[in-house]
Amino acid sequence: MKKNVLFLCSILIVLFFVAGCGAGKKAEGPRLLKVGTEVTFPPFEFREPGSKEISGFDMDLIRAIGKKLDMQVEILDMDFEALIPSVKRGNVNLVIAGITITPDRQKIVDMSDPYYGSGLVLVVRKGNNAIQKPEDLQDRVVAVQTGTTSEEKAKQLTGNKVRSFKTNEEVFRALQDKTAEAVIIDKPVARYYLNKYHPDAVIVGDTFATEAYGIVMRRHGELTPKINKALADLKNSGEYDVIYEKWFGKETK
Ligand code: ARG
C-alpha cells in the first residue's frame, strides 16, 4: 500500500512538471519586439507627408530582423534624446534610428555590428561663400538635432554657438529663416532634405567625420547576439542588399 502511494506521488510530480513546462511555452505567446525610433531622419525613418506609417531603410531592416527572430515588431516614435534612456529603462527592446556607434554610447548600452557606413556634412544656404570647411564655423551659429553626434561636433567647431532642435525639420527651418548659418547632419539625410524640400541649400565639401550606424540594445542583454546573427544572416542571404538598393539605389556601400 505504502509503495503504491509513493509510486502515485512520483507519477503526479512528473506530470506536474511536464504540464508546467508546456504551460511555460504557451505563455511566451507571439513575442513582441518593441522598437524605438525618431522619425525626422529620412530615408532611414520618416513619415511621407500625409501618411501615418513610418517607413525607411531602418524600418525595413528591423522588420526583416523581426521576421528572422519570429517576433512581431512594434515601432514607437520618440524624441531622439529619449531613445537611449528608453532602452536602458526597458521601455523598448531596441532602438534603430541611424544611431552612430560611439565609445561613449557603448559605455551605457550595447550596439550591434555596424549596418550602415555614414558621415557628417556641412550644409549652408546657396551663395554663402564664407563657409567652405568645418574650421570656418568658428563663432558662427550652427543648427543641429539635440543629442546627436552633430551636436557634439558643432559645439567643438563653433565654440558653443549651437542651436539644438528636437526635429530635423526645425533644424533645416533655422537655416532657411536665417537664424542659423549652417547645419551639421548625416550625409544621406542632408541629401534627402535638400533634394526634396530645400533646393536653396547646398552641401559644402565631403563628409568630415566618418561614422557607422548600429542598433542599440540593453547592455549585456540576450538580444545583442541574436540581432547580430540576424543581421549577418540578412547580409549573407542578399536580403540586406535588396533593402539597401530600394533606398539608396546602386550607390556604393
Ligand atoms: N547619426 C547621428 C547620431 O547618432 C544622428 C542620428 C539621428 N537619428 C534620428 N533618427 N533622428 O547622433
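We count ligands from 1, going down the list as the structure has it; atoms in each ligand are counted the same way.
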Q: Would you sort out whether Thr40 and Glu169 count as a side chain to side chain donor-acceptor pair (under 3.5 Å), showing the intermediate values?
A: CA-CA 7 Å; Thr40 68; Glu169 281 146 16; 5.7 Å; no
Would you mind writing out a table of all protein N or O atoms found under 3.5 Å from any N or O atom of ligand 1, naming both atoms and giving the distance to 0.1 Å?
| residue | atom | partner | partner atom | Å |
| --- | --- | --- | --- | --- |
| ligand 1 | 1 (N) | Gly98 | O | 2.8 |
| ligand 1 | 1 (N) | Thr100 | OG1 | 2.8 |
| ligand 1 | 1 (N) | Asp186 | OD2 | 2.7 |
| ligand 1 | 4 (O) | Thr100 | N | 2.8 |
| ligand 1 | 4 (O) | Thr100 | OG1 | 3.2 |
| ligand 1 | 4 (O) | Arg105 | NH1 | 2.8 |
| ligand 1 | 8 (N) | Ala97 | O | 2.8 |
| ligand 1 | 10 (N) | Glu38 | O | 3.0 |
| ligand 1 | 10 (N) | Glu45 | OE2 | 3.3 |
| ligand 1 | 10 (N) | Ala97 | O | 3.2 |
| ligand 1 | 11 (N) | Glu38 | OE1 | 2.7 |
| ligand 1 | 11 (N) | Gln145 | OE1 | 2.8 |
| ligand 1 | 12 (O) | Arg105 | NH2 | 3.0 |
| ligand 1 | 12 (O) | Thr149 | N | 2.8 |
| ligand 1 | 12 (O) | Thr149 | OG1 | 3.4 |

Q: State which residues pass salt bridge (Lys or Arg N to Asp or Glu O under 4.0 Å) with Lys107; sequence neighbours excluded, sorted by chain then number.
A: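 Partners of Lys107 under the salt bridge (Lys or Arg N to Asp or Glu O under 4.0 Å) test: Asp104.
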Q) Do Met71 and Asn93 come within less than 4.5 Å of each other through their side chains, counting heavy atoms only? A)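 No, every pair of side-chain atoms sits at 4.5 Å or beyond.
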Q) Tell me the ring pair (Phe, Tyr, Trp, His ring centres under 6.0 Å) pairs involving residues 136-190, sequence neighbours left out? A)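 Qualifying pairs: Phe172-Tyr193, Phe172-His198.
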Q.
If only side-chain N and O atoms count, and only distance matters, is there a donor-acceptor pair under 3.5 Å linking Arg163 with Thr179?
A.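 The criterion, which ignores hydrogens and geometry beyond distance, is satisfied for Arg163 and Thr179.
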Q: List in chain and number order the residues that pass side-chain contact (heavy atoms from CB on, under 4.5 Å) with Asn128, two or more places apart in sequence or in another chain; answer none if no residue qualifies.
A: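 Checked Asn128 against side-chain contact (heavy atoms from CB on, under 4.5 Å); matches are Val124, Ala130, Ile131, Glu181.
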